[in-house]
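In what follows, chains carry the letters A, B, and so on, assigned in the order in which the sequence lines appear, proteins first and then strands, with residues in each chain numbered from 1.
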Amino acid sequence: MSQLFESLNPVQREAVQHNEGPLLLLAGAGSGKTRVITYRIAHLIQDHGIPPFNILAVTFTNKAADEMKKRLDHLVGDVSQHVWASTFHSSCARILRRNINQLGYDRSFTIYDSKDQVMLIKDVLKTLQVDDKLNQPKAIQNRISMAKNRFIRPDEYAEKISSQFPNNPFEEAMPIYYGQYQKQLRDNNALDFDDLIILTVDLFNQSTEVLEYYQDKFRYIMVDEYQDTNHCQYLLVRALAAKHHNICVVGDDDQSIYSFRGADINNILDFEKDYPEVKTMRLEQNYRSTKNILEAANEVIGNNDIRKPKRLWTGNQAGTSIGLYRGFDENDEADYIIKKITERRRLRSTKYSDCAIFYRTNAQSRALEEVLRYENIPYQIIGGHRFYERMEVKDVLAYLKVIVNPADTVSLRRIINVPRRGIGATSLGRLESYARRRGISTFEAIEQVEAISEIKAGTQERIREFGQLIKSFQPSASPLSVTIDLLEASDYLEQFEKDGSVEARSRIENIKELESAIARYEEIDPDATVASFLESVTLASDIDGMEDETDVVTLMTLHSAKGLEFPVVFMVGVEEGLLPHINSIGSKEELEEERRLCYVGITRAQKQLYIVNALRRRRGRDFESSVPSRFIDEIPPDLFDQTSEYQPPQRKLISSFDPDEPDEAEMDGGYRVGQIVFHVKFGRGRIARIIGVGGSARITVRFDRSGERTLMAQYANLQIA
DNA sequence: TTCGCTAACTTTTTT
DNA sequence: AGTTAGCGAA
């Protein structure tokens, strides 16, 4: 262990040796915080004889948890397997699988992802007979999630949130939606992401016995990326640490980029108030980046007002200048990047896997992907349309979910007629209304379909067969065997085998891939069940699927990039409207979060940073011209490579985009932000944002009745008040 | 009543 | 561009 200390700087060493009592570790980008956490755990185990099962390490992603376990394994060997290292959501799911009975749920509960949530909300609106055109399910989902993150229940919503939006019918209706949503979740024996946390807190509040069990089990708690925790997670950590106070949180307020998900920066800023005896330490030496890169990062983040003052420093070399390129459009951006990558590969043995491309929005990956594919450069895209979101994969997963938890009507509805078995919307509707009348689940209605006289005998028979199909599987059998039997018995693949198109074949391939994923999962965990597999899939994050053994270029959003590092980083689309994003420009807080996002991107780079943007960009059907991001201006000019190709190629610029085209300009009707307008259907509202110009401009209006909606200027037909 | 085709909308970030 | 809603055919 003593050699272990030699590689640490004094502050790091102090942090590792501080084992009892609360510790706040303010760790700047690239300051070696993961190292400190793992060493700290190793130190607890080896030098203080703390049993590994008494340690809980909460990370932001499963990938980070796995990496921590791997490093820990190097330091202390096999015993590291007994440390609980996982995400908030996974840890809570694990706790709830043991103890959720006490809250009146069944242990076979299903976890709903955000798409499932939206489906359920549509359902809720239907049962409440509310038009889902006026009340966007996604907006409702967002409001519910925000409430849950703040530990606000349906019955408290009116008082705590609605009251802040006087005369807002949408917010006034929210408690009803929220309440009904929660009821239907329970009826489906399902939990959404937020429930995992909130119900664990409930469990602890309700049973001191359970709470004490976990308090004593997790005598040492470490929370990584603490700046991104929400209030509910804060309550959870506080409850767990209340007895022993051995809580170490690690975070960086400058890297807080998840406030849209309810992350509450106060959790880090107030930590010192919660634990008066806290020891605070700062890791400010950066080991990752060159001086140039770090200075650029420092300068950018220095423009934020809401932050703990600090300035990272590094002993590393100055390094090369930052590349800056303003391309013609997104294809030109991509061309430039590829040119640089191939050039570097030729000159200085930079590997593909040394290079990462970051963007603000997933949509930006497409242009890059096309060019990379065309140029035969191997790449991986993190996030976007993930494997587990493919239609055919979701179908099979829905089958598995129903097998484990027949009460899950969202999944049931997905597969009851897939493949086509002659059970259409009307029959399903009758089935569901019967279920509702009797107060039973849809699946229970299926089991007594003979009693439903509205359904014709032929259809009854088909429904009965479907019910038997589901019941013919053993949920406790191994996931792989269930899947194989399922594919066999359901004739699911037949629809694609008959088709024979490229697409159908790739769908079959994806199912095969799913099978091998299940096989792999079983190999790692011999106790795997269908339920545990489904859970791991739902709680997997984009980044968990990242491949870091093979030599490929990695593309991902700036959000996904947090916690990673690459020798060569390209940030694309560094433009006003994209970074900072158009939706964030209006508010100071949100703008500062965009700046932090930019900071996160810059600080991922070890040796070389390229900042790239384009003169114009395709958005939907038409082009928009764009202005370089204000964040570029915040970087001192002398840090940029002065010889760089900063002249945009002036090709046929005028012809294809024409913001001043007269007839279009008239069509935007002279709308202004802040104006009060009336819409035929949505009623009164106020213009929140206008994006673009002319008829193709999109106008976002915050309607009194139905929340925010974005309309095309040329079709909006708004009356100006 | 179910199914297949055409037409419209979306894209900020995510456990 | 890929899903969803709506319509007509079987």
Problem set entry | Between B/dT11 (C1') and A/Glu330 (CD): distance, integer Å | 14 Å
For this session: Please round to the nearest 0.5 Å and tell me the distance separating atom CG of A/Asn188 and atom CG of A/Leu412.
Result: 9.5 Å
Exercise. For A/Glu461, what residues pass the salt bridge (charged side-chain N to carboxylate O under 4.0 Å, His left out) criterion, not counting sequence neighbours?
Worked result: A/Arg464
For this session: Provide, to the nearest angstrom, the distance between the CD atom belonging to A/Glu392 and the P atom belonging to C/dG2.
Result: 12 Å
Seminar exercise, completed: Those residues at least two apart in sequence (or on a different chain) that pass salt bridge (charged side-chain N to carboxylate O under 4.0 Å, His left out) with A/Asp544 are none
For this session: Report yes if a side-chain nitrogen or oxygen of A/Arg430 is closer than 4.0 Å to either non-bridging phosphate oxygen (OP1 or OP2) of B/dT1; otherwise report no.
Result: yes
Problem set entry | Candidates C/dA1, B/dT14, C/dA5 - which lies nearest the side chain of A/Lys122 | C/dA5
Exercise. Starting at CZ of A/Arg507 and ending at P of C/dT3, how long is that distance when rounded to a whole Å?
Worked result: 7 Å
Exercise. Would you say A/His89 stacks on B/dT15, if stacking means ring centres under 5.5 Å apart and planes within less than 30 degrees?
Worked result: no
For this session: Mind checking A/Phe88 for me? I need base, sugar-phosphate or nothing, with any heavy atom below 4.0 Å counting as a touch.
Result: nothing
Seminar exercise, completed: Rounded to whole Å, the CG-C1' distance (A/Asp542 to B/dT12) equals 13 Å
For this session: Give a yes/no on whether any side-chain N or O of A/Arg420 is located under 4.0 angstrom from OP1 or OP2 of B/dC3.
Result: yes
Exercise. Under 4.0 Å: is that the gap between some side-chain N or O of A/Arg360 and OP1 or OP2 of B/dT11?
Worked result: no
Exercise. So what does A/Lys115 hit on the nucleic acid, given a heavy-atom distance under 4.0 Å: a base, only sugar-phosphate, or nothing?
Worked result: nothing
Problem set entry | Rounded distance in Å - NZ (A/Lys148) to P (B/dT15) | 18 Å
Problem set entry | Whole-Å distance separating the CG atom of A/Asn149 from the C1' atom of B/dT15 | 10 Å
Exercise. On DNA chain B, nearest-nucleotide positions of A/Ile543 versus A/Arg421: which is more 5'?
Worked result: A/Arg421
Exercise. Has A/Thr87 got a side-chain N or O lying under 4.0 Å from the OP1 or OP2 atom of B/dT15?
Worked result: no
For this session: Mind calculating the distance between CD (A/Glu225) and C1' (B/dT13) to the nearest angstrom?
Result: 15 Å
Exercise. Touch check for A/Ser427, heavy atoms < 4.0 angstrom, all strands: base, sugar-phosphate only, or nothing?
Worked result: sugar-phosphate
Exercise. Start at the 5' end of DNA chain B and walk down; is the nucleotide closest to A/Gln141 or to A/Leu428 reached first?
Worked result: A/Leu428
Could you run down the sub-3.5 Å N/O contacts of the protein with nucleotides 7-10 of chain C?
none

Problem set entry | Listed partners of A/Arg143 passing salt bridge (charged side-chain N to carboxylate O under 4.0 Å, His left out), at least two apart | A/Glu171
For this session: Using a heavy-atom cut-off of under 4.0 Å over every strand shown, decide if A/Ser560 touches base, sugar-phosphate, or nothing.
Result: sugar-phosphate
For this session: Measure from CG on A/Asn583 to P on B/dT14 and round the result to the nearest Å.
Result: 15 Å
Exercise. Do A/Glu369 and A/Tyr379 have side-chain N/O donor and acceptor atoms under 3.5 Å apart?
Worked result: yes
Exercise. Looking at the side chain of A/Glu590, which of B/dT12, B/dT13, B/dT15 is the nearest nucleotide?
Worked result: B/dT12
Exercise. Who are the salt bridge (charged side-chain N to carboxylate O under 4.0 Å, His left out) partners of A/Glu465, not counting sequence neighbours?
Worked result: none
Seminar exercise, completed: The side chain to side chain contact (heavy atoms under 4.5 Å, CB included) partners of A/Lys456 (sequence neighbours excluded) come to A/Thr459
Problem set entry | Phosphate contact (B/dT15 OP1 or OP2) by A/Asn230 side-chain N/O below 4.0 Å | no
For this session: Would you tell me if any nitrogen or oxygen in the side chain of A/Lys138 comes within less than 4.0 Å of OP1 or OP2 on B/dT11?
Result: yes
Exercise. Just checking A/Asn417: base, sugar-phosphate only, or nothing, at a heavy-atom cut-off of under 4.0 Å?
Worked result: sugar-phosphate
Exercise. Going by ring centres under 5.5 Å and near-parallel planes (under 30°), is A/Phe260 stacked on B/dT12?
Worked result: no
Problem set entry | Distance-only donor-acceptor check, side chains A/Thr229 and A/Asn267, under 3.5 Å | yes
Exercise. With a 4.0 Å cut-off on heavy atoms, is A/Arg596 in touch with a base, just the backbone sugar-phosphate, or nothing at all?
Worked result: nothing
Exercise. When the aromatic ring centroids of A/His581 and A/Phe260 are compared, is their separation below 6.0 Å?
Worked result: no
Exercise. Within the pair A/Thr557 and B/dT14, is there a side-chain N or O less than 4.0 Å away from OP1 or OP2?
Worked result: yes
